[in-house]
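Taking it in order: structure first as structure tokens, then the write-up.
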There are 2 protein chains.
Amino acid sequence: MNKTEEKQISKATIARMPLYLHYLQEENSKGTQYISSTVIAQNISVSSVLVRKDLALVSSEAGRPRLGFAVSRLMVDIEKFLGYDNLSEAVIVGAGGLGRAFLGYEGFKSNGLSVVAAFDLDEKLVGTKVAGKDILHMDELEKFVAEHNIPLGIVTVPKSAAQEVVNRLVGAGVRAIWNFAPAPLRVPKDIVLKTEDLAASLAILAGKLYKTGDR
Amino acid sequence: MNKTEEKQISKATIARMPLYLHYLQEENSKGTQYISSTVIAQNISVSSVLVRKDLALVSSEAGRPRLGFAVSRLMVDIEKFLGYDNLSEAVIVGAGGLGRAFLGYEGFKSNGLSVVAAFDLDEKLVGTKVAGKDILHMDELEKFVAEHNIPLGIVTVPKSAAQEVVNRLVGAGVRAIWNFAPAPLRVPKDIVLKTEDLAASLAILAGKLYKTGDR
DNA sequence: TTTTTATCGATATTATTATATCAAATACTT
DNA sequence: AAGTATTTGATATAATAATATCGATAAAAA
């Protein structure tokens, strides 16, 4: 029933990968050579079986009984799986609060992503820099993306402008869109779109709070 | 096997609620009185059965055959379920890039959340304002949270400081933590914690990109 | 008033994801 | 060198979530 011959890896699994990677980096810096699924599991707060299943999907080498997994090897495998060697540069469209924050956010670096510039319509912002990165005018978007062969566009514009921005990014050649505008967007089939719904996250939080804290 | 007598509502369902709500608000402003699960489903890109199941969990009134659900009633129900009447004020700890962005982010407002102040150690930031909101010194955190009876703390400090900040917030009386630091945190059982993992999101994006765009 | 038809909500089915169990493997201990 | 203990990875089971099916209902049409 599966169209592709590749085994499907669930989002839940993918979402755990950065956690594994992060912990492995930590252990690696301490000089740890091998690590067991049990230990990893405790740190990530999941079951050890799940860790083994997850790692089996990406590991190029089987874990060794009584020793566990080779930390450095596993790091490379996960990084490769996540495409951190692949996905490198991004532009931000929308230099409002969230956009400027992302410009300065160092957290992306450790995940193989570098934000190289932002774009906005606001004349007061255009020409300024945030964290050493230029804020350019929207008119230059297509040219910049095409010239630098940027694979990823981060969208932090208001909802009303989101679809048009996405169209322009796609037209300019990005292969993926990371959308923070609370809007349902349409993209061509071969473009990867992930809409980050902070409202939904907040909802989960509030929902849990409601349940726990009610009365 | 379930400790609580309340039926458990899945995170996936909760995450869809803001989508429903948003769409309902849109329709409501157009004057739509009743709306069917089929129409909602098309807009949210899920199946109509799923919509009905989700709505059945929160709706105070059954949908009417041939008409659908009463839009305004449903909005109230969802808002109540999400606790948007309940969760109102929050503080941000860590006025770095992300923290300042959230201070200015208007998106929270429409979800019933108001960020009232930020806290930081950096003397250069303390005393300044962002979007009309004060950045205060960490020394004042406990007093402020207790005095204003703030239920939610948003954590945007570096990983190394995250656990201590959380401890202090909890000590000061918040009931929930929204964590943006890439760190696994410990909280007492009655405190709601949601760690927002931008790296994980990025990973999913990169993962899909890798799969689609490979070769 | 009767018939038609869109829609709900309940139940059953399927798919997906996580957990439990256990034999095989191998580093470590004696 | 032999035995022990720990860890993996495979298989089986359970739990969770999404989808499909269908009779009951009530608004609209005839």
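Per chain, numbering begins at 1; letters A, B, ... match sequence-line order.
- Nearest approach of A:M75 to A:N28, heavy atoms of both residues: SD-CB, 3.6 Å.
- Counting heavy atoms from C-beta on, the side chains of B:K80 and B:D77 never come closer than 4.5 Å.
- Put simply, A:R64 has a side-chain N or O that comes within less than 4.0 Å of OP1 or OP2 on C:dA27.
- Counting all heavy atoms, side chain and backbone alike, B:V93 lies closest to B:V157 at O-CG1, 3.3 Å.
- Counting atom types as modelled, B:R66 pairs a side-chain N or O with a base atom of C:dT5 as donor and acceptor under 3.5 Å.
- If you check every strand for non-hydrogen atoms under 4.0 Å, A:S37 touches sugar and phosphate atoms only.
- In this entry the distance linking CG of A:L55 with P of D:dG9 reads 9 Å, nearest Å.
- Regarding A:E61, its CD atom lies at a distance of 10 Å from the P atom of D:dG9, rounded to whole Å.
- Proximity note for B:L50 (side chain, C-beta onward) versus C:dG9, D:dT8, D:dA18: the nearest is D:dA18.
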message: Would B:E79 and B:Q25 count as a side-chain contact (heavy atoms from CB on, under 4.5 Å) here? Give the steps.
response: CA-CA 11 Å; B:E79 279 172 356; B:Q25 285 166 341; 3.7 Å; yes
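- Remark: A:A12 engages A:S10, A:R16 in a side chain to side chain contact (heavy atoms under 4.5 Å, CB included) (not counting sequence neighbours).
- Between the CG atom of A:D54 and the P atom of C:dT17 there is a distance of 11 Å, given to the nearest Å.
- Between B:Y34 atom OH and D:dA26 atom C1' there is a gap of 12 Å when expressed in whole angstrom units.
- For D:dT19, the base has a donor-acceptor partner in the side chain of B:K53 [N/O atoms by modelled type, under 3.5 angstrom].
- Closest to the side chain of A:S10, from the set C:dT17, D:dA27, D:dA17, is C:dT17.
- Near-neighbour residues of DNA chain C inside residues 38-49 of chain A, defined by a heavy atom below 4.0 Å, number-ordered: A:S47, A:V49.
- Put simply, the side chain of A:L169 reaches to within 4.5 Å of the side chain of A:V91, judged on heavy atoms.
- For B:R73, the salt bridge (charged side-chain N to carboxylate O under 4.0 Å, His left out) partners are B:E61, not counting sequence neighbours.
- The CD1-P distance, from B:I35 to C:dA6, rounds to 17 Å in whole Å.
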